[in-house]
Amino acid sequence: MKKIEAIIKPFKLEEVKSGLHEIGVEGMTVTEVKGFGRQKGHTEIYRGSEYTVDFLPKVKIEIIVPDDKLDTVLKAIISNAKTGKIGDGKVFVMNVEQAIRIRTDESGDKAI
Amino acid sequence: MTKKITSLVKVACIGAAIWMASVTGLSAEETAAAAPAPEPTVEQRVAGLEAYMNNVDPVGSKVTGIAGPGHNAWLMTSSALVLFMTLPGLALFYGGLVRSKNILSVMAQCMGITGLVAILWYTVGYSLVFGANFASPFIGGTEFFFFKGVDSIPNTSYCYWISQNVFAMFQLMFAIITPALIIGAIAERMKFSAIMLFVTLWMFVVYFPLAHMIWGSTGYMNGVWNADAAIPAIDFAGGTVVHMSSGWSALVLCILLGKRLGFGHTPMAPHSMVLCMVGTGMLYVGWYGFNAGSALAADGVASNAFTTTTLAAAVASFVWAGLEWVLRGKPSILGFCSGIVAGLVVITPAAGFVNPTGSVIIGVLAGAVPFFACTKIKHIFGYDDALDTFGVHAIGGTLGALLTGFLTDASVNANLVSEGYAAKNGLKALVESGHVWTAQLKAMGITIVLSVVATIVITFIVKALVGLRPTPEVEEQGLDIVEHGERGYESHS
């Protein structure tokens, strides 16, 4: 099993969700996050006082997938989240040792 | 120590109760001694009703000594509107501009000032401003202490058709918002106890004398209503009394207090422009009571003030945000809000004296001059006027007082050239020769000197008695939790 963490632009969330739904991904966890990468922050001015806001709002999607589905899911995320401009975000993939569905005690791929 | 203070307070309360009982006894005797007036003729009775329509003295008719329903209704409405400017208008306007850890401190300060000033006003304040038995140009009298005789009968020294208790409430709302404006400059870094003590002293030394000088029937600078005014200046709704006094005092206090911790290094952006905009809207609406209510009647002067207030604020808002758009590329919400407040401040002394064209000129300058005060002057001198009380109220109030001197139009307000007052104290001559600004300059000078000198003295007294600032730890954590034991926002509900 793999865990995918994708940090994307908030307004792309709906497209990514639909894209994942089409290829049969049935669940995900979404968090509103703040951060910065190469896009850096932006400047706000209040009555002439400038403040640099380093952290921009992003959305983090977490999905656990069976090993064989990884490439399809990654493709769906990347194609739907892409605008081609700076600040599109990043995707991280990591190994997952175990998954358990609490209600039924099922484990492994069946629990995803 | 605590016991001693408690017993002292008790003694004071008993003393006040005895004094008030004697006062009530006296007024009953006076009423009994009054002789019945002769029955007025039909002509006199009709003249009384015409006097109501014209907002003049109904002397000799059957409607003397009563409030006129329409005028009185408008003043009760106006009083409520002016209170609404402070609670919650100003509390939200300022509250949105501070960081989230300090929003409740601003609200507590607004409400604390409301209660404190109401008590001062009832006990001595109203009398010191609108009493007359000192026969002094600088302070009122003692006859209305503890609202003695302040009932529903009009006080004809000020208005023929407004109950004196309503007049006193209307003026109370002005006395409340004036010190509340000061807290904008010192937001986020002054102890609540120090603010309450400062405001108490400031009311006695600055507000009560100044309000009497400008609006009292024996006032030194009351050009419209005091035939003996030494300086025939005009201030319709408080450019000098309210905005200049609070603004200049705020500058002095914020300099003596020092900057907020981390000023210039850490971001201190407003935490909610939404609350700020909501508060601004309330200030705009409430200001109709402030300006149109200052006609002290629902008459033509009030109608004109209503119109000029609307235009000046709308124009100033558009100009301020427009300047941002041109100079910085974006018109901001804070720009619109600041422009509205600046427009309202600058039109305040002029509202009942200028025509609509005058108010548009005022609006343009109100959008531009305070804009540069807030965005340029502040940064050049580096003082921490946290929410721009000086930039908006002192600069705006000063500009307004001066512009009033240039833009008066006697055709919108006959009081400017009245034979009874303006002709005697020289105002009429100044209006006709276009030199009202000379009297305005004198009134402005007195206001600035009084505000600045008094604030320096009061600040050092407060510093010696209770200290001015919270500890750095408290300031860092935010005043809400430490000073008031509450938080404005919960991170998890």
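Order of the sequence lines fixes the chain letters, A, B, ..., with proteins taken first and strands second; residue numbering starts at 1 for each chain.
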Residues forming a ring pair (Phe, Tyr, Trp, His ring centres under 6.0 Å) with B:Trp287, sequence neighbours excluded: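 By the ring pair (Phe, Tyr, Trp, His ring centres under 6.0 Å) rule, B:Trp287 matches B:His243, B:Phe290.
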With respect to chain A, which residue among [options] yields the maximal number of heavy-atom pairs within a distance under 4.5 Å?
| options | answer |
| --- | --- |
| B:Lys378, B:Glu324, B:Met268, B:Lys376 | B:Met268 |
| B:Gly335, B:Gly391, B:Ser338 | B:Ser338 |
| B:Ser332, B:Ala269, B:Pro267 | B:Ala269 |
| B:Leu327, B:Thr266, B:Thr375, B:Ile333 | B:Thr375 |

Give, for atom NZ of B:Lys330 and atom OG1 of A:Thr43, the distance between the pair rounded to the nearest 0.5 Å.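 Between B:Lys330 NZ and A:Thr43 OG1, I get 8.0 Å after rounding to 0.5 Å.
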Are there more than 12 heavy atoms of other residues, nucleotides or ligands under 6.0 Å from atom [atom1] of [X]?
| X | atom1 | answer |
| --- | --- | --- |
| A:Glu32 | CD | no |
| B:Glu476 | CD | no |
| A:His21 | NE2 | no |
| B:Tyr383 | OH | yes |
| B:Ile380 | CD1 | yes |
| A:Met1 | CE | yes |

Part of B:Met273 within contact of chain A (heavy atom distance under 4.5 Å):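 Contact with chain A involves the side chain of B:Met273 alone.
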Which bit of B:Leu97 is near chain A, if near means a heavy-atom gap under 4.5 Å: side chain, backbone, both or neither?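 Interface part for B:Leu97: side chain.
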Which residues, numbered in order, of residues 45-59 of chain A come under 4.5 angstrom of chain B by heavy-atom distance?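 Expected list: A:Ile45, A:Tyr46, A:Arg47, A:Gly48, A:Ser49, A:Tyr51.
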